[in-house]
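We name chains A, B, ... by the order of the sequence lines, and we start the count at 1 in each one.
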Protein chains: 2
Amino acid sequence: CRYLQDAFKVPLVIQLTDDEKFLWKNLTIEECQRLARENAKDIIACGFDISKTFIFNDFDYVGGAFYRNMVQVAKRVTYNQAVGIFGFTGEDHIGKVSFPPVQAVPSFPSSFPHLFKGKENLRCLIPCAIDQDPYFRMTRDVAPRIGYHKPALIESLFFPALQGETGKMSASDPNSAIYVTDSAKDIKNKVNRYAFSGGQDSIEKHRQLGANLEVDIPIKYLSFFLEDDAELEHIKKEYGAGRMLTGEVKQRLVQVLTELVERHRTARANVTEEMVDAFMAVRPLPHMFD
Amino acid sequence: CRYLQDAFKVPLVIQLTDDEKFLWKNLTIEECQRLARENAKDIIACGFDISKTFIFNDFDYVGGAFYRNMVQVAKRVTYNQAVGIFGFTGEDHIGKVSFPPVQAVPSFPSSFPHLFKGKENLRCLIPCAIDQDPYFRMTRDVAPRIGYHKPALIESLFFPALQGETGKMSASDPNSAIYVTDSAKDIKNKVNRYAFSGGQDSIEKHRQLGANLEVDIPIKYLSFFLEDDAELEHIKKEYGAGRMLTGEVKQRLVQVLTELVERHRTARANVTEEMVDAFMAVRPLPHMFD
């Protein structure tokens, strides 16, 4: 998102679906709103341009033109269609059935009159993780029927779990992922103990056969996080040929991740409550296309 | 409602469900909002006390605390329960499934922080027509589970159609009801031609047997609209004994209805757009219990 905003100088609207969290988890509304605000801090720490960025949470923002668009969408999706897309059952509560339109309507500029009044015909690009695709398949189906453009999407894959491509990062298993709240010691411990290695069982065999880069998690993580492409190529070559050991690659990953997390932690510590209020204020963005 | 407000000096909140109209009818949102405002004029013309009355339409008011209560309710009703209460099918759109919580939450004072902040524990009495009962059965079921009082209800029966108790007033048959927009000539014509009579087929038989008051629509309408109880009793006695003819009873009803409609028309003509704005303004009602 940050890259897209910088590269194309476009306004960015970020929806924090605290209502979704409330509907799917056993948390109070207040706790979901608080978590949305914490989430906003992590987002702001990434360095978005406040003159082009509007962050909102559903529990506070839903209403007015946004609600009218929700109802427009809801009227065009049958329950059977929703079941086909989202797999609801009769035992699911109607809050789940009501939610998809909430996720859908930020695709439409008219949902944000304070930003786009007179520009309702703008097109929308949604960068999201691939699991959000069903919501936007539904949105793309409905959009032309209510006179709006279909949103375009860039869908990201999920980041593999430390345990390897077949595993899943899971909130219930803190060892499946590195958190931005992890200490340097946590990171070192997690990478060394849990990051799935494509290296061989013995040093002798490793020197002889080299690492299997296809399944090696430290290499995958470095591909994402190591900014120096030349260094990355060098590591891949040396490691793949068996001249570099897993331990050395992991050590470099720990370094990279620790710096990254440290950088984020510092940036996040500099995000004040006032900045959160400013990013989340319902306000015009007069220079959003400059 | 007017009587209850006068008698108990209570604040009154009136919900205009323009979103419901949009979801169930083939109208635009703008048209539904316009109709809600026309509806507000008819209500205001009844003489409610502006210092104790808040009128709102969903398309403009839904949001904030109201939306948070909607989500609270939606989370506690399964789709199967909603089907049991409202009879939805898989071909119904999800807007219908999403609507019941919108109808439910005006029962809770916390949905109106500008009115009841600090008084969230007030109890709510809902005067409504009997067809709205399913919504409030659902509401009464959910209320204690989210920490609110159950609302109490006064349910009114439907007014019979002109054609008789077994018929139904229907918007698609203008002759089934008297409208507040009917002219004196319309009223006379409708009552004389369509009001189902409990009188006998011939004058001779009528003088002999009298009218069947149980099925006679003019008598039913007079029971509602004739304010002079002594006169009503007199008419029932004379008509029932066959001394009064259907034509005479209808003539009195035409008179009563014409005056009533004329009175409403005059009162409604005095309702300005500014008064509508004032009744619908989101504002505190500081003297609402005086």
Side-chain angles (χ1 to χ4, degrees), chain A residues 17-30 32-33 56-86 88-102 104 110 138 142 145-147 282, chain B residues 17-30 32-33 56-86 88-102 104 110 138 142 145-147 282:
Chain A
T17 54
D18 49 0
D19 50 352
E20 180 182 25
K21 195 171 245 94
F22 175 76
L23 289 167
W24 265 265
K25 308 268 178 197
N26 188 21
L27 296 169
T28 65
I29 288 184
E30 293 68 29
C32 293
Q33 287 176 299
F56 70 97
N57 65 310
D58 293 336
F59 271 135
D60 289 313
Y61 186 74
V62 167
F66 194 98
Y67 176 63
R68 291 191 283 274
N69 276 338
M70 279 164 53
V71 177
Q72 287 273 22
V73 170
K75 190 174 177 175
R76 271 76 177 193
V77 180
T78 68
Y79 178 73
N80 283 343
Q81 286 168 337
V83 167
I85 300 170
F86 303 104
F88 299 132
T89 76
E91 287 308 306
D92 280 317
H93 58 67
I94 58 172
K96 292 187 183 181
V97 183
S98 311
F99 180 73
V102 183
S110 66
M138 184 194 82
V142 171
R145 292 193 280 136
I146 53 178
V282 177
Chain B
T17 52
D18 50 359
D19 50 352
E20 179 182 26
K21 195 171 245 100
F22 175 75
L23 289 167
W24 266 264
K25 308 267 179 199
N26 188 20
L27 295 169
T28 65
I29 288 183
E30 292 68 30
C32 294
Q33 288 176 299
F56 71 96
N57 65 309
D58 293 335
F59 271 136
D60 289 313
Y61 186 74
V62 166
F66 194 98
Y67 176 63
R68 292 191 282 273
N69 276 339
M70 279 164 52
V71 177
Q72 289 272 23
V73 170
K75 191 174 176 174
R76 271 76 175 193
V77 180
T78 69
Y79 178 73
N80 283 343
Q81 287 168 336
V83 167
I85 301 169
F86 303 104
F88 300 132
T89 75
E91 287 307 305
D92 280 317
H93 58 67
I94 59 173
K96 293 187 183 182
V97 182
S98 310
F99 179 72
V102 183
S110 66
M138 183 194 83
V142 170
R145 293 194 280 135
I146 54 178
V282 178

Side chain / backbone / both / neither for [X] at chain B, heavy atoms under 4.5 Å:
| X | answer |
| --- | --- |
| A:I29 | side chain |
| A:Q33 | side chain |
| A:D92 | backbone |

Top of A:Q72, A:H93, A:K96, A:Q81 for chain B proximity - count of heavy-atom pairs under 4.5 angstrom: A:H93

Top of A:T89, A:D60, A:V73, A:V62 for chain B proximity - count of heavy-atom pairs under 4.5 angstrom: A:V62

Any donor-acceptor pair under 3.5 Å from B:R76 side chain to B:I146 backbone: no

Atom pair OG1 (B:T17) and CZ (B:F59), whose distance is rounded to the nearest 0.5 Å: 10.0 Å

Pair B:F56 and B:F66, ring centroids less than 6.0 Å apart: yes

Pair A:F88 and B:Y79, ring centroids less than 6.0 Å apart: no

Test: B:R68 and A:D58 ion pair at under 4.0 Å: no

Which of B:G90, B:G63, B:G95, B:S98 touches chain A most, by non-hydrogen pairs under 4.5 Å: B:G90

